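The model shown is predicted, which means the values in this text are computed figures rather than measured ones.
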Number of protein chains: 2
Amino acid sequence: MATTTAAQQRARAKAEYDAFLAACPSRELLSRISGKWVALVFAALGGNAPRRPGDDCTGEPRPMRYSELARTLAGVSQKMLTQTLRSLERDGLVRRTVEPTVPVTVTYELTDLGVSLHRTMRGLKTWAETHMDDVIANRATYDTRTG
Amino acid sequence: MATTTAAQQRARAKAEYDAFLAACPSRELLSRISGKWVALVFAALGGNAPRRPGDDCTGEPRPMRYSELARTLAGVSQKMLTQTLRSLERDGLVRRTVEPTVPVTVTYELTDLGVSLHRTMRGLKTWAETHMDDVIANRATYDTRTG
DNA sequence: CAGTATCCAGCTAGATACTG
DNA sequence: CAGTATCTAGCTGGATACTG
């Protein structure tokens, strides 16, 4: 009988790897931007969503109010919008400004860090627009081949 | 009383938006690459993981066998490794080759499409390595400010 | 060697209702 | 207007055991 079982060795490897994964900045970033509404909030605050349906996008970052974001991201629940904005604020990607009017006025805008991340994410957008058709086609082919 | 209730209007907006979201290539791509093991598989097959702990990375894409991948991605379960590889194969990002030896030899390698996506993802990696420290610091500041 | 099959915990996100 | 609070369904990923 070995001094460490296979299960123990796997548990140790897992613990080490979990630590590595948790510390890995790329993984951290991926989980950051892959939230369901994160990319949409970036697009809206980054000026890549039309102000109104049908309008052109300016491509210029601009502040937006909570209710305007809620309208632009049609379908988002209040809970998820607030949660998403809060976590982005916590990470310093979005700035939240409260004006003490009655009722209060709250605006959100991208920080410099947020703008920089938004620019990086547009590389993904470009790849997606260029190649996702191929991916979808590959899926269809695979599915018919395998029944 | 209105002819459509607020709940009905929201449901309609949600249905439309869900369709938009499902069709959005960027969202599709994000969910594709944000799987826990996807980036690691890309790094391994793309030559950005050391062949053995301590080795330098070649940066050259190369085929790897299933067991070699399992060793490189320490901590991955067989289920998740197989599932990840299958889905990448389905999307045409990874090619799976079976040699009918006894027992069988199976190798995985990036396709051209996979290499192209891997290159795009390195933009994220660069941003992460440059800026994630700031993000972590921002988090800490936010947490102390809010208690 | 390279998988399948089954079961289960934890997390993400949505629905709904309420408030300073 | 801009939230908070609570409950819950569904999905992702992990543990474990078995196989051509």
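Note that the OG1 atom of A:Thr111 and the CZ atom of A:Arg96 stand 15.5 Å from one another [nearest 0.5 Å]. The CE atom of A:Met80 sits 8.5 Å away from the NZ atom of A:Lys36 when rounded to the nearest 0.5 Å.
The CD atom of B:Gln83 sits 8 Å away from the P atom of D:dT12 (whole-angstrom rounding). Counting to the nearest Å, the P atom of D:dA5 and the CE atom of A:Met80 are 16 Å from each other. Here C:dG14 presents its P atom at 11 Å from CG of A:Leu81, a figure rounded to the nearest Å.
For A:Arg71, the side-chain contact (heavy atoms from CB on, under 4.5 Å) criterion is met by A:Ser67, A:Glu68, not counting sequence neighbours. With sequence neighbours left out, the side-chain contact (heavy atoms from CB on, under 4.5 Å) criterion links A:Arg139 to A:Val135, A:Ile136, B:Glu28, B:Arg32, B:Arg90, B:Asp91. Here B:Asp56 pairs with nothing under the salt bridge (charged side-chain N to carboxylate O under 4.0 Å, His left out) rule; sequence neighbours left out. Residues passing the ring-ring contact (aromatic ring centres under 6.0 Å, His included) test with B:His118: none are found, sequence neighbours excluded.
Using a 4.5 Å heavy-atom threshold, the side chains of A:Leu93 and A:Leu117 count as touching.
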*Which dot-bracket string fits DNA chain D when only Watson-Crick or G-U wobble pairs with both atom distances under 3.5 Å count, crossing pairs get [ ], and | stands for a partner on a different strand?*
||||||||||||||||||||

_Counting primed atoms plus P, OP1 and OP2 as sugar-phosphate and everything else as base, spell out the protein contacts along nucleotides 1-7 of chain C at 4.0 Å heavy-atom distance: B, S or - for each nucleotide, 5' to 3'._
SBBB-BB

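A close approach under 4.0 Å does not occur between any side-chain nitrogen or oxygen of B:Trp37 and OP1 or OP2 of D:dT12.
Heavy atoms from other residues, nucleotides or ligands lying under 6.0 Å from CG of B:Asp134 number more than 12.
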